[in-house]
Amino acid sequence: MPKIAKLLTEKEIKALKVGDHAVGGRGLYIKKRETFSCYYVRIRKDGTEYTKYLSGVKSLKRARQIAEEIQEMVRNGIDPREEEKRIAKEKARLKAEAETAERLKRATFQIVFDEYYREVMVKGLDKPEREFNRVRNHVFPLIGDKPINEITHRDL
């Protein structure tokens, strides 16, 4: 049976010397150095042990809450490292979607056509300048400043 550390108070933690100390709770430790201190959790899963640092956590109460959440995840068979990676991927996906939506809101017909001209028309046509001038003279005055996602078949 594992040894259970005594729950230390904030005052007792401040009195600790430099080093790594168990502060009580479920695998919660503090790394005290002369210039800083930080909490971390030791996680044992499938015979392996690793450390999860709680960066930015200054409160003992919050560190204990996070340690309990992490240990609960481990008890339920969820690897906290994999869960963290999954959450980061989800955030990145949502951010990319938001950026795409924002870019579509700002993209006018003129901006999109300029990109199309540079990437497609210049390579595919014999005289792309003539086609560009035709669009610039006849289409840009009508719908050049209109957002691309608001253009309807009536505009065309």
Side-chain angles (χ1 to χ4, degrees), residues 10 13-14 18-21 23 25-156:
E10 291 273 354
I13 290 173
K14 285 181 183 177
V18 172
D20 291 13
H21 306 280
V23 295
R26 305 211 14 118
L28 183 63
Y29 292 80
I30 189 166
K31 181 183 288 268
K32 288 200 71 160
R33 300 294 179 252
E34 290 180 15
T35 56
F36 75 94
S37 63
C38 67
Y39 293 103
Y40 65 94
V41 180
R42 283 193 184 154
I43 301 166
R44 291 169 192 86
K45 186 170 184 341
D46 301 330
T48 61
E49 183 175 311
Y50 63 94
T51 302
K52 168 95 171 92
Y53 285 91
L54 308 179
S55 59
V57 178
K58 301 291 182 199
S59 162
L60 175 62
K61 182 178 179 181
R62 181 70 184 132
R64 284 192 174 130
Q65 288 173 345
I66 294 172
E68 185 62 39
E69 291 169 6
I70 289 172
Q71 295 298 351
E72 185 66 30
M73 288 171 65
V74 171
R75 275 196 304 270
N76 292 332
I78 300 170
D79 187 349
R81 295 176 292 188
E82 296 299 320
E83 185 67 13
E84 198 171 88
K85 288 177 188 175
R86 187 191 65 75
I87 290 170
K89 282 182 184 178
E90 181 67 18
K91 282 183 181 179
R93 186 186 64 77
L94 291 174
K95 183 179 177 185
E97 286 178 3
E99 287 174 356
T100 301
E102 183 62 31
R103 195 165 38 97
L104 278 176
K105 283 182 190 175
R106 290 179 295 170
T108 62
F109 177 80
Q110 187 170 350
I111 292 169
V112 173
F113 184 79
D114 285 341
E115 285 181 27
Y116 177 76
Y117 173 75
R118 278 186 264 119
E119 293 181 15
V120 178
M121 287 181 72
V122 172
K123 297 173 187 170
L125 296 174
D126 292 335
K127 297 179 182 174
E129 302 85 20
R130 183 172 56 189
E131 295 300 322
F132 180 78
N133 288 335
R134 185 180 301 164
V135 172
R136 185 187 69 204
N137 293 334
H138 300 292
V139 179
F140 283 180
L142 299 174
I143 60 171
D145 293 333
K146 195 166 190 176
I148 196 75
N149 59 350
E150 293 179 11
I151 295 175
T152 64
H153 67 284
R154 292 181 189 261
D155 295 323
L156 299 177

Apply salt bridge (Lys or Arg N to Asp or Glu O under 4.0 Å) to the pair E69 and R64, showing each step before the final yes or no.
CA-CA 9 Å; E69 291 169 6; R64 284 192 174 130; over 6 Å; no

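- Here the straight-line distance linking atom OG1 of T108 with atom CG of D114 works out to 8.0 Å at 0.5 Å rounding.
- For the atom pair NZ (K58) and CG (L60), the distance works out to 13.5 Å, reported to the nearest 0.5 Å.
- Here the shortest heavy-atom pairing between F36 and C38 reads CE1-SG, 4.1 Å.
- Counting only residues at least two apart or on different chains, the salt bridge (charged side-chain N to carboxylate O under 4.0 Å, His left out) pairs with a member in residues 139-156 are K146-D155.
- Classification of E84 and K52 as a salt-bridged pair holds, one side-chain N sitting under 4.0 Å from a carboxylate O.
- A cation-pi arrangement is absent between R42 and Y50, since the terminal nitrogen or guanidinium carbon is not both under 6.0 Å from the aromatic centre and inside a 45° cone about the axis.
- A distance of 4.5 Å separates NZ of K85 from CD of E82, quoted to the nearest 0.5 Å.
- Using a 4.5 Å heavy-atom threshold, the side chains of L94 and E99 count as separate.
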Test log, rule side chain to side chain contact (heavy atoms under 4.5 Å, CB included), inputs I30 and I13
CA-CA 8 Å; I30 189 166; I13 290 173; 3.6 Å; yes

For R93 and E97, what are the C-alpha separation, side-chain angles and deciding distance, and is it a salt bridge (Lys or Arg N to Asp or Glu O under 4.0 Å)?
CA-CA 6 Å; R93 186 186 64 77; E97 286 178 3; 2.5 Å; yes

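- Shown here are the ring-ring contact (aromatic ring centres under 6.0 Å, His included) partners of Y53, two or more places apart in sequence or in another chain: Y40.
- Contact check on R136 versus E131 returns no salt bridge, with no Lys/Arg side-chain nitrogen under 4.0 Å from an Asp/Glu carboxylate oxygen.
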Residues F132, N137; criterion side chain to side chain contact (heavy atoms under 4.5 Å, CB included); working and verdict
CA-CA 9 Å; F132 180 78; N137 293 334; over 6 Å; no

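- Note that CZ of R134 is 13.5 Å distant from CZ of F140, once rounded to the nearest 0.5 Å.
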Stepwise, does the salt bridge (Lys or Arg N to Asp or Glu O under 4.0 Å) test hold for E83 with R86?
CA-CA 5 Å; E83 185 67 13; R86 187 191 65 75; 2.7 Å; yes

Show your reasoning for whether side chain to side chain contact (heavy atoms under 4.5 Å, CB included) applies to L54 and L28.
CA-CA 10 Å; L54 308 179; L28 183 63; 4.1 Å; yes

Before giving the answer on side chain to side chain contact (heavy atoms under 4.5 Å, CB included), spell out for I70 and I43 the whole-Å C-alpha distance, their side-chain angles and the decisive distance to 0.1 Å.
CA-CA 8 Å; I70 289 172; I43 301 166; 3.4 Å; yes

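- Within the model, atoms OG of S59 and OH of Y39 stand 7.0 Å from one another, a figure rounded to the nearest 0.5 Å.
- Aromatic ring pairs are classed by plane angle as parallel below 30°, tilted from 30° to 60° and perpendicular above 60°; the pair F109 and F113 is parallel.
- Not one N or O on the side chain of N76 forms a donor-acceptor pair closer than 3.5 Å with the backbone of I78.
- Residue V57 comes nearest to A63 through the heavy atom pair CG1-N, 3.7 Å, listed as atom of the first residue, atom of the second, then distance.
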